[in-house]
2 protein chains.
Amino acid sequence: MDSRLTIGELAKETGTKVVTVRYYEQAGLLPVPPRTAANYRAYGADHLHRLRFIRRCRDLGFTLDQVRDLLRMSSQEDQPCAEVNRISGEHLTEIERKVADLTRLADELRRINARCQGSGTVADCRIIEALSP
Amino acid sequence: MDSRLTIGELAKETGTKVVTVRYYEQAGLLPVPPRTAANYRAYGADHLHRLRFIRRCRDLGFTLDQVRDLLRMSSQEDQPCAEVNRISGEHLTEIERKVADLTRLADELRRINARCQGSGTVADCRIIEALSP
DNA sequence: ATGCACCCTATAGTCACTATAGGGTCAAGG
DNA sequence: CCTTGACCCTATAGTGACTATAGGGTGCAT
């Protein structure tokens, strides 16, 4: 039984694009796989797990640097996980800050947009006016 | 009375960095200013207004492409402002979508983080576990 | 043997800046 | 007059996380 995957199969399996998989390899996130006689990358189950982990982290908004750290830590099972906690906590704080910023921004845009019905000319436009400080 | 500003003064006046002002010029957002004998850029009140407009739009999260469009429209006072309305409305929709995405994401991260006190080892870490799909 | 989908490398482009190198200019103080 | 320091100039490369393009090789079915 041949459990090796081509890059295309690995990509499809994880919802990643082929070029992105190669990018992760070159970025040092995914180990260099063995090659077939035709120089095709041949991936195993370990690559699949690792790539799924990477994608999950990316979906959650972690940067590749953070993912790198999390990967390193997850392979050192006897180390304390305080550092894992710190990274995840800081990331949450950052996201909460972004939500607050964007919410404030959306409020302001709603206020600006409400002042114009889009039926007049630019000269009367309250949006342009509101954008001109 | 000399109303001309150096690039440094313009930058300070608008809360922009000097390099960013030059970047806006090269990106075609800020008109090329006249130069002094020493080849220094010499800005006038029109540049100041325009740069303030750009910064305000950027603060509201518009892309430079959108700002370019808004600038073009704001100079055609007799044109209908429906297009202005459309750009602003689409931008608001996009931001609202981002807020929803990030809120969902923050919820998930909070749930994940709550499962780990950071006192054990990585082997027991519920964060790593939650990140491994 | 021919088409087609897939694989390979290397390079450049995206966005909105930021950083660096290597210079020129100007006003104040010694 | 000379130097110091803050400012100005250009040109080029780097950031993050990909994406796109060019120019080729491989594998399988018809």
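Sequence lines set the chain letters: A, B, ... in the order given, protein chains first and strands last, and positions in each chain run from 1. It should be emphasised that the depicted structure is a prediction, and the values quoted were computed from it without experimental measurement.
- Considering only side-chain N and O atoms, T20(B) lies nowhere under 4.0 angstrom from the phosphate OP1 or OP2 of dC17(C).
- Toward the 5′ end of DNA chain C lies the nearest nucleotide of Q26(A), the other residue of the pair A38(B) and Q26(A) mapping further downstream.
- To the nearest angstrom, P of dA27(C) lies 12 Å from CD of E9(B).
- R22(A) comes within contact range of at least one nucleobase, with a heavy-atom separation under 4.0 Å.
- Listed by first and then second residue, the side-chain hydrogen bond (donor to acceptor under 3.5 Å, both in side chains) pairs involving residues 28-41 of chain B are E25(B)-R41(B), R35(B)-N39(B) (not counting sequence neighbours).
- Proximity note for T63(B) (side chain, C-beta onward) versus dA16(C), dC17(C), dT25(C): the nearest is dA16(C).
- Salt-bridge annotation for R56(B) and D59(B): absent, with no side-chain N of the basic residue lying under 4.0 Å from a carboxylate O of the acidic one.
- N85(A) CG to E90(A) CD: the interatomic distance, rounded to the nearest 0.5 Å, is 11.0 Å.
- The distance between atom CD1 of I7(B) and atom P of dT25(C), rounded to the nearest whole Å, is 17 Å.
- A salt bridge does not link K12(A) with E9(A): none of the charged nitrogens is closer than 4.0 Å to a carboxylate oxygen.
- Using a 3.5 Å distance cut-off with no hydrogens or angles, the side chains of S88(A) and N113(B) do pair a donor with an acceptor.
- K98(A) and D101(A) are not joined by a salt bridge, as no carboxylate oxygen comes within less than 4.0 angstrom of a charged side-chain nitrogen.
- Nearer the 5' end of DNA chain D, as judged by each residue's closest nucleotide, is the contact made by V19(A), out of A37(A) and V19(A).
- Nucleic acid contact for Y24(A): sugar-phosphate only, since backbone atoms but no base atoms lie under 4.0 Å from a heavy atom of the residue.
- To the nearest angstrom, C1' of dT25(C) lies 15 Å from CZ of R41(B).
- The nearest whole Å value for the distance from the CG atom in D65(B) to the C1' atom in dT14(C) is 11 Å.
- In terms of heavy-atom proximity, I95(B) sits nearest to L60(B) at CD1-O, 3.9 Å.
- Listed pair R35(A) / dC7(C) fails the phosphate criterion, with no side-chain N or O lying under 4.0 Å from OP1 or OP2.
- Nucleotides of DNA chain D that come within less than 4.0 Å of any heavy atom of chain B span, from the 5' end to the 3' end, dC7(D) to dT10(D).
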